[in-house]
Amino acid sequence: MASNTTAPDDNEVEHEFGIVRVYKSGRVVRPFVSPPAAAGLDPATGVDSKDVHLGDYSVRLYLPPSAAAKLLVIVYVHGGGFVAESAASPNGHRFLNRLAAACPAVAVSVEYRLAPEHPLPAAYDDCAAALRWVLSGADPWLAEHGDLARVFVAGDSAGANACHYLAIQPDAARLKGAVLIHPWFWGSEAVGEETRHPVARAMGGRLWMFACPGSTGVDDPRMNPLAPGAPGLDTLACERVMVCVAEGDHLRWRGRAYAEAVAAARGGDGVELLETEGEGHVFHLFKPDCDKAKEMFDRIVAFVNAP
């Protein structure tokens, strides 16, 4: 007897978010992903890099030239809404080469698992495991050149969200600092000059619910650190926090509110807010040589090197 069921149409889209598309057949496409940048010696900076595979996740380590003395360590988490990009994304790889050289620092970029194939909390779990691995000094580059008493976490967009997650855990290791670049936070209630339109606010949470289908919504403390019942920001396990926001980014007001709330929880100390005019979300990755990207880069370098 012939079956009345038909195979899903491989051209029929079930979920569309721009950076990730899922067809009804189950096929997942990431339309804007560039070919990965290979690890190795970067001629422009002299920084060497290598990939280390650690089971469910991997890391890309960066070692600047002439790393004779112990260097601060930066654990970096890339953006992409937890659904796209990687530690090998060309723009991020270029940024990490430059950052490792300028600080100088041993940098560790986390290649975490992506949704929807691996829904959250997979990415959070991978980032937490990567931080524990770094602090163990298991790799020779970290053991020989990294000062594990001076570890920072840094990230852009969803990666900045993950940095908050790493620092707010009850058993979080003490960090020297956190750098949150254009953090991806949201919430049911508007802050600052965010849109008040209910449809637009709901749209702001669609990607989060797609990446984290087990979430209760945009007031989940992982997405909204300012939500009622979220862990107190005074418990962040880092000495200093830097938050970068951009005027043309719809997440600007959320990032500013986060920085102000952290400052209030700490009595006004240890928080730096950098607001960039005339630029949009993660502009520094796409226009790294513009004056405002250079200004932001220099401020980050100064922040991690401050006594």
Side-chain angles (χ1 to χ4, degrees), residues 3-37 51 53-60 76-93 109-130 155-165 182-188 195 197-224 249-251 254 280-282 285-286:
S3 172
N4 291 326
T5 61
T6 59
D9 185 352
D10 197 43
N11 293 316
E12 191 172 354
V13 175
E14 185 170 14
H15 301 286
E16 173 64 73
F17 293 96
I19 57 175
V20 66
R21 180 182 304 134
V22 181
Y23 292 85
K24 288 193 173 180
S25 65
R27 182 166 62 101
V28 179
V29 175
R30 295 174 172 89
F32 304 112
V33 173
S34 302
D51 294 326
H53 298 280
L54 297 164
D56 287 334
Y57 69 98
S58 63
V59 294
R60 178 167 290 189
Y76 196 86
V77 187
H78 70 80
F82 296 115
V83 300
E85 301 299 340
S86 76
S89 296
N91 291 338
H93 180 63
S109 185
V110 185
E111 177 76 350
Y112 54 82
R113 290 170 292 171
L114 299 177
E117 297 93 331
H118 304 282
L120 290 171
Y124 291 130
D125 293 343
D126 293 348
C127 291
D156 61 85
S157 194
N161 174 300
C163 288
H164 167 78
Y165 176 86
H182 309 163
W184 182 33
F185 297 135
W186 200 241
S188 59
T195 179
H197 195 285
V199 175
R201 295 211 62 77
M203 287 288 289
R206 284 183 62 241
L207 181 57
W208 165 252
M209 293 302 297
F210 174 74
C212 190
S215 172
T216 56
V218 291
D219 287 327
D220 183 314
R222 294 169 293 186
M223 175 49 59
N224 183 6
D249 184 0
H250 76 284
L251 301 175
R254 189 68 47 172
H281 191 63
V282 298
L285 295 178
F286 303 102

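Keep in mind it's a predicted model, so treat the numbers as computed, not measured.
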Which heavy atom of [X] sits nearest to which heavy atom of [Y], and what is that distance?
{"X": "Pro90", "Y": "Ala37", "value": "CA-CB, 4.0 Å"}
{"X": "Cys163", "Y": "Gly155", "value": "SG-N, 3.6 Å"}
{"X": "Ser157", "Y": "Gly79", "value": "CB-CA, 4.3 Å"}
{"X": "Ala162", "Y": "Cys127", "value": "CB-SG, 4.3 Å"}
{"X": "Gly81", "Y": "Ala211", "value": "O-CB, 4.0 Å"}
{"X": "Val218", "Y": "Ser188", "value": "CG2-N, 3.5 Å"}

Q: Starting at CZ of Arg113, measure out to CG of Asp126 and round the result to the nearest 0.5 Å.
A: 4.0 Å
Q.
Using 0.5 Å steps for rounding, measure from the OH atom of Tyr165 to the CG atom of Asp125.
A.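 These two atoms lie 5.5 Å from each other.
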Is any side-chain heavy atom of [X] less than 4.5 Å from a side-chain heavy atom of [Y]?
{"X": "Val20", "Y": "Val28", "answer": "yes"}
{"X": "Leu207", "Y": "Val83", "answer": "yes"}
{"X": "Arg21", "Y": "Pro31", "answer": "yes"}
{"X": "Phe286", "Y": "Asn91", "answer": "yes"}
{"X": "Glu85", "Y": "Leu114", "answer": "no"}
{"X": "Phe82", "Y": "Asn161", "answer": "yes"}

Q: Test side-chain contact (heavy atoms from CB on, under 4.5 Å) on Val59 and Leu54 and set out the steps.
A: CA-CA 8 Å; Val59 294; Leu54 297 164; 4.1 Å; yes
Q) Are Tyr112 and His118 close enough, and set up right, to give a side-chain contact (heavy atoms from CB on, under 4.5 Å), and what steps lead you there? A) CA-CA 10 Å; Tyr112 54 82; His118 304 282; over 6 Å; no
Any donor-acceptor N/O pair, [X] side chain to [Y] backbone, under 3.5 Å:
{"X": "Glu111", "Y": "Ala87", "value": "yes"}
{"X": "Ser86", "Y": "Ala88", "value": "yes"}
{"X": "Arg206", "Y": "Phe17", "value": "no"}

**Q.** Salt-bridge criterion met for Lys24 and Glu14 (N-O under 4.0 Å)
**A.**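 Salt bridge: no.
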Q: Quick one: list whatever passes side-chain hydrogen bond (donor to acceptor under 3.5 Å, both in side chains) with Arg60, sequence neighbours left out.
A: Asp51, His93
Q) What do the steps show when you test Leu251 against His281 for side-chain contact (heavy atoms from CB on, under 4.5 Å), and what is the final call? A) CA-CA 8 Å; Leu251 301 175; His281 191 63; 3.7 Å; yes
Q) Taking only residues at least two apart or on different chains, which pairs with a member in residues 25-34 satisfy salt bridge (charged side-chain N to carboxylate O under 4.0 Å, His left out)? A) Asp10-Arg27, Arg30-Glu117
Q) So, do His250 and Trp186 have ring centers that fall under 6.0 Å from each other? A)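 Judged by ring-centre distance (under 6.0 Å), His250 and Trp186 do meet the cut-off.
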Q: Classify the side-chain pair Ser109/His78 by whether it contains a donor and acceptor separated by less than 3.5 Å.
A: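 No, no side-chain donor-acceptor contact under 3.5 Å.
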Q: Decide whether Asp156 and Tyr76 meet the rule of one side-chain donor and one side-chain acceptor closer than 3.5 Å.
A: yes
Q | Test side-chain contact (heavy atoms from CB on, under 4.5 Å) applied to His15 and Phe210, step by step | A | CA-CA 9 Å; His15 301 286; Phe210 174 74; 3.8 Å; yes
Q: Find out whether the Lys NZ or Arg CZ of Arg222 is both under 6.0 angstrom from the six-membered ring centre of Trp208 and within 45° of the ring's axis.
A: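 Output no; distance or angle outside limits.
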